[in-house]
Every structure is written in C-alpha cells, then in structure tokens.
Amino acid sequence: MAGKVQQLTHQAERQAISVMLDGFLKHLKSKEDRTETYLKIVDLAEKFYGAGANKDTLNAVREYVKNPENRWMRFINRVVDETDHHYAKTMLLNLGYEAFFRGTKTIRENRKKYNCNIPWLILFDPTMACNLHCVGCWSGTYGHKSSLTFEEMDKIVTEGKELGAHLYMLTGGEPTVRMNDIFKLAEKHNDCFFGLYSNSTLINDEMAERVRQLGNITFMLSIEGTEETNDARRGSGHYEAAMKAMDILKKHGIVFGTSICYTRANVEAVTSDAFFHLLEEKGARFGFYFHLMPVGNNAVPELMPTVEQRKYMIDRIRYVRSPESNIEFFPMDFQNDGEYVGGCIAGGRNYFHINSNGDAEPCVFIHFSNTNIKNNTILEMLQSPLFMAYHEGQPFNRNQLRPCPMLENPQLLREMVQATGAHQTNLESPEDVDHLCAKCDDYAKEWAPVADEIWASETHKKPSYENYTQEKREHPELAAFEHADGSVRIDV
C-alpha cells in the first residue's frame, strides 16, 4: 500500500514539474527577459533538494544568471534557442527532475542502507558488433557475437531505477546497431535518459526524428580533430559521416555531444580553437575527452599521450571552460577532472559498466568481473567482491590527478583482481591483469612526479561527495592507508 501511494505521489509530482517546465520553456523561447525564468528554475531546484541543498552554490548560481552577458548564460540561451521544445522539456524532466533531484535522494539513502557503492549512472553495451575497426580500440577483440537481449537491458534499467539511477549510457560496439530495441527501451522507461556513444555512421533523419519524438535519448559522437587525424585512426570517410550526423541532429533540435579519445598523435588537433568552433557551429554542446587506455591485446601503448601532452590537456581544457574563453562548448576530461568528482568514479561509486556478455565490470576500461546480469541483480553486482574492493579502496590516490587504479596506480588493480579472484572478461582475446598493468607501469612512474608537482601547486576544494570508507573519511591522516607513492592501500 505504501509503495502504491509513493508511486501515485511521484506521478503527480512529475506531472506538476512537467507543466511548470512547459511554461518555463515557452517563456524562454519567446526571447523576452529570461532572467526571471532562470531564477524560478533555481528556486525550484532548491525546493526539490530540500535539506540537502547547498545554499552557497545556489546563491552563486542566482548571481550568475542575473548577468545575461556572461559566457555561460549566452551558452545556455543558445541551447534553448536551438533545441526542440518537446525534446528540451523531456530532457529536463528526466535528466533534471528524475536523475539529479529525485534520483540523487534515493541513491544517497541506498548507499547508507546497503553500505556499498550505488551509481548515479549505469553504462552498458547492447552489442559488441561494430562496422568500424579503429586503431587501438579493444572492441575489435571482443568479436561480434555477444549481445544483451532486450530483456537483459530492461532488467538493468528496471533494477537500476529501483536504486535511484535514471541515467544510462550505451556503448559497445556500435549501439545504433540495436536501435529498434533501444527505442523500445526508451519508450518503456520514459522517466530515464539514455546517452549513446556512437560512431555516427548509422544516424539518419528517420532515426533523429524518432529521437526527437521520444525526447530521452542523446548521442556522444566519436570525432578526433581534423579529417586527417580522425580518419587515420577511425578509417577513411568517418569524418564526413560524423559531420553529416551532426547536421542531422542539429536540424531536428536534439542536444548532443562528442566523445574524443586523445592520443599522442591528435592532442593538438582535438583541442585547437578551430576544432572547438567547428563543434559549436555544428551544434555539439558538450564533449567527453578520454585519455587513450592500453586495454586489450590489440592496444597500441605507443599512442598514449606523453607527460608534456597530458600537462597541456589539463591547462587547455580548464582554459576552454574559463571566463576568458569565447568557445561555446563545454569539455570534460575523464582522466584529468578527478578533482571535481572526488577521484575515481568507477566500481559503482558514480558509475559502472555491463558488457555485451552481461559481465559487470567496475569501469569500461577495467575488463574483470565476479558477477553477471544473467544470474545476479544490480544490487548483488554492486556487492560483489571486486566492487566492494573498489568501495573499500577509493580514493586510490590522494592526488586526484592520479585517480585510476590501472593507469596511474597499476599495482592496486593487480591487488584487487588477485585478492577477489575476478576473471577477465574478454571472450575473444583474453588478457590477464599482469599483462594489462605492465603496459601502465612505466607511464605511472613517469607521470607521478609531474602530477604531484601540479597538485601541490594548486588550491583544492573538497568535493561534496567522496564515498570513501568511514575510517578514511574520519582519519585521512592515517599513513597506514597509504603506500609510499601516495596511492592508497587496499584491504580486501
């Protein structure tokens, strides 16, 4: 009975928010003075966060939106002007209300209730099938045979929602190979938001119009700089296909972003002013930058960025996000932005990965598992030995420019995999943990002193959520939890 009442309350609240968002967007679309509407949205956010609202942050946002000429208000206004009304309302309803507000409350409660990591988003692979063979991509070694059934994908989302997760990202392989099932999934779970990491080649007007109608799907398109630097890794003709896909999505009023793997060969190309301005004109509004990881037996470690290039990436991405930049595009660096999310977010701390065979992996780059969606629940996955090792071990380094237990602290991944008995999950080309980590050992040693120098020279703000074990939170000074190099000892 209590569950039924809660469901009805949720439905009524969602409907009320939907009506309010409709009114807000109509006023914003009119292009009259938008400041008052933005302030009302901030007030609405404060109401739904309740006691958990950060008053200082909300007041700072209020002051920011009062100046319509600052760069990020111009950016937001551009998104409003170029986005389809129905799509914008559904995105705000699902990503804003369901994921950020309501979902966050549920997740925080469940972290305490179950004493394990509960993620804000879940990443899964509908299939490993892909029509490209990009240099250095581990997907090519998985084979094209493994795919999740619709029922398994439905189980992931259904159980994830029960824990509070309303954001799902899909990769592979090429997820648009399974677009009919993805449409079916998005329609059934119309209170969730789905982001697809796509190579762009299968996106057409018919697909884009269906995405617009549903309103709860977006794309992160793979693109790596100029036509020359992009096609050298992804194959001839890919750059042209990505440009065409961007034009289609922009025409249909869909908010989308990019997925950019930076390597030794393309760092400058994927961060140039010309590249950023191209993306903003094509309609891309945000982008995820991923450091090339030497994962899989077909990996090319020689393509990993140099120390100097990684230092450049830190400075460059932060500049592009600064008030001094005139670029209307928001980049995020998965490896170098650890400070803003409290270090490694994997192992369910904020996200985890389910591959196309159903294996639950702590990270899309960490192909080891103790558990599978075919015979375990999402909660059981999060309580599995390897995931609990993540929960107990995070943060993996006090220096959050060295967050990863593989790339910057490879001895820790070895310890966790060996102590928990996790098996490797690459069905086509098995790779054990020692082989994987050996490709990171020299890189970690070379990066450590540079990262430590950068970290020590900066002032750092403590993240609002870290999810470290209680003893580490209360006694961070305890040397017993740390190795001599600053990485954190793991007791499994």
Side-chain angles (χ1 to χ4, degrees), residues 13-105 120 166-167 191 193 195 212 215-216 218 249-250 252-257 276 279-281 283-287 318 320-332 337 340-341 461 464-465:
E13 188 175 76
R14 179 181 169 91
Q15 180 58 32
I17 296 295
S18 177
V19 171
M20 281 190 283
L21 287 174
D22 198 42
F24 288 154
L25 286 169
K26 285 179 180 177
H27 185 79
L28 291 173
K29 288 285 188 181
S30 72
K31 295 189 179 181
E32 297 175 5
D33 181 17
R34 293 169 164 176
T35 302
E36 182 181 350
T37 301
Y38 287 132
L39 289 172
K40 287 180 179 178
I41 293 173
V42 177
D43 291 341
L44 184 64
E46 182 172 13
K47 175 183 176 181
F48 278 95
Y49 270 126
N54 187 317
K55 301 285 187 180
D56 291 339
T57 298
L58 289 168
N59 287 333
V61 172
R62 288 186 177 97
E63 291 303 312
Y64 205 80
V65 302
K66 289 176 182 177
N67 176 13
E69 295 305 314
N70 69 59
R71 68 166 297 199
W72 290 118
M73 292 315 299
R74 292 199 307 270
F75 171 84
I76 291 171
N77 284 330
R78 185 171 184 174
V79 174
V80 169
D81 292 337
E82 295 182 359
T83 305
D84 174 77
H85 178 98
H86 169 72
Y87 182 92
K89 185 179 80 168
T90 308
M91 179 181 68
L92 288 171
L93 194 58
N94 290 1
L95 195 57
Y97 165 65
E98 297 287 3
F100 274 100
F101 300 147
R102 186 170 174 272
T104 296
K105 289 182 179 180
W120 190 66
H166 286 261
L167 175 59
D191 57 347
F193 199 74
R212 186 199 67 79
N216 62 340
T218 189
L249 295 175
K250 183 179 180 180
H252 287 265
I254 295 165
V255 175
F256 69 93
F276 281 123
L279 294 180
E280 70 176 64
E281 288 306 313
R285 294 290 159 248
F286 62 93
R318 293 181 184 181
V320 171
R321 294 193 301 236
S322 74
E324 288 73 34
S325 173
N326 68 346
I327 294 169
E328 294 184 5
F329 177 86
F330 190 83
M332 294 162 279
D337 281 344
Y340 308 108
V341 290
K461 182 179 178 181
S464 58
Y465 170 67

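Taking the charged nitrogens against the carboxylate oxygens, Glu324 and Arg71 have no contact shorter than 4.0 Å, which rules out a salt bridge. A salt bridge between Asp43 and Lys47 is absent, with no side-chain N of the basic residue lying under 4.0 Å from a carboxylate O of the acidic one. Using a 4.0 Å cut-off between charged nitrogen and carboxylate oxygen, Arg321 and Asp337 count as a salt-bridge pair.
Side-chain atoms of Arg285 never come within 3.5 Å of backbone atoms of Gly257 as a donor-acceptor pair (strictly under, hydrogens ignored). Under a 3.5 Å cut-off, the side chain of Arg34 and the backbone N or O of Val65 do not form any donor-acceptor pair. Formation of a donor-acceptor pair under 3.5 Å by the Lys66 side chain with backbone atoms of Thr35 is not found in this model. Judged by distance alone, the side chain of His27 and the main-chain N or O of Asp33 form a donor-acceptor pair under 3.5 Å. Without hydrogens or angle criteria, Trp120 side chain to Ala99 main chain gives a donor-acceptor distance under 3.5 Å.
The two residues Ala284 and Phe329 make their nearest non-hydrogen contact at O-CD1, 3.5 Å. Among all heavy-atom pairs drawn from Lys250 and Phe256, the shortest one is N-CE2, 4.0 Å. Residues His252 and Asp84 come closest through the heavy atom pair O-CB, 3.9 Å.
Side-chain contact check for Thr90 versus Phe193: every heavy-atom pair is 4.5 Å or farther apart. The shortest side-chain heavy-atom distance between Glu98 and Arg14 falls under the 4.5 Å cut-off. Using a 4.5 Å heavy-atom threshold, the side chains of His166 and Asp191 count as touching. Inter-residue side-chain proximity for Leu279 and Ile327 is flagged as unmet; no heavy-atom pair is nearer than 4.5 Å.
Here the straight-line distance linking atom CZ of Arg102 with atom OH of Tyr97 works out to 5.5 Å at 0.5 Å rounding. The structure places CG of Asn59 at 8.0 Å from NZ of Lys55, a figure rounded to the nearest 0.5 Å. In this structure, CD1 in Ile41 is found 14.5 Å from CD in Glu46, a value given to the nearest 0.5 Å. To the nearest 0.5 Å, atom OG1 of residue Thr57 and atom CZ of residue Arg62 are 11.0 Å apart. To the nearest 0.5 angstrom, Thr218 atom OG1 is 7.5 Å from Leu249 atom CG. If you take CZ on Phe101 and CG on Leu95, they are separated by 10.0 Å, rounding to the nearest 0.5 Å.
Counting only residues at least two apart or on different chains, the ring pair (Phe, Tyr, Trp, His ring centres under 6.0 Å) pairs with a member in residues 70-91 are Trp72-Phe75, Trp72-Phe330.
Residues satisfying the ring-ring contact (aromatic ring centres under 6.0 Å, His included) criterion with Phe24, sequence neighbours excluded, are absent altogether. Partners of Leu92 under the side chain to side chain contact (heavy atoms under 4.5 Å, CB included) rule, at least two apart in sequence or in another chain, are Leu21, Leu25.
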- Task: Would you sort out whether Tyr38 and Val61 count as a side-chain contact (heavy atoms from CB on, under 4.5 Å), showing the intermediate values?
- Result: CA-CA 10 Å; Tyr38 287 132; Val61 172; over 6 Å; no

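Lys29 NZ: more than 12 foreign heavy atoms inside a 6.0 Å radius. Other residues, nucleotides and ligands contribute at most 12 non-hydrogen atoms within 6.0 Å of the CD atom of Glu36.
With no hydrogens or angles considered, no side-chain donor-acceptor pair links Arg74 and Asn77 at under 3.5 Å.
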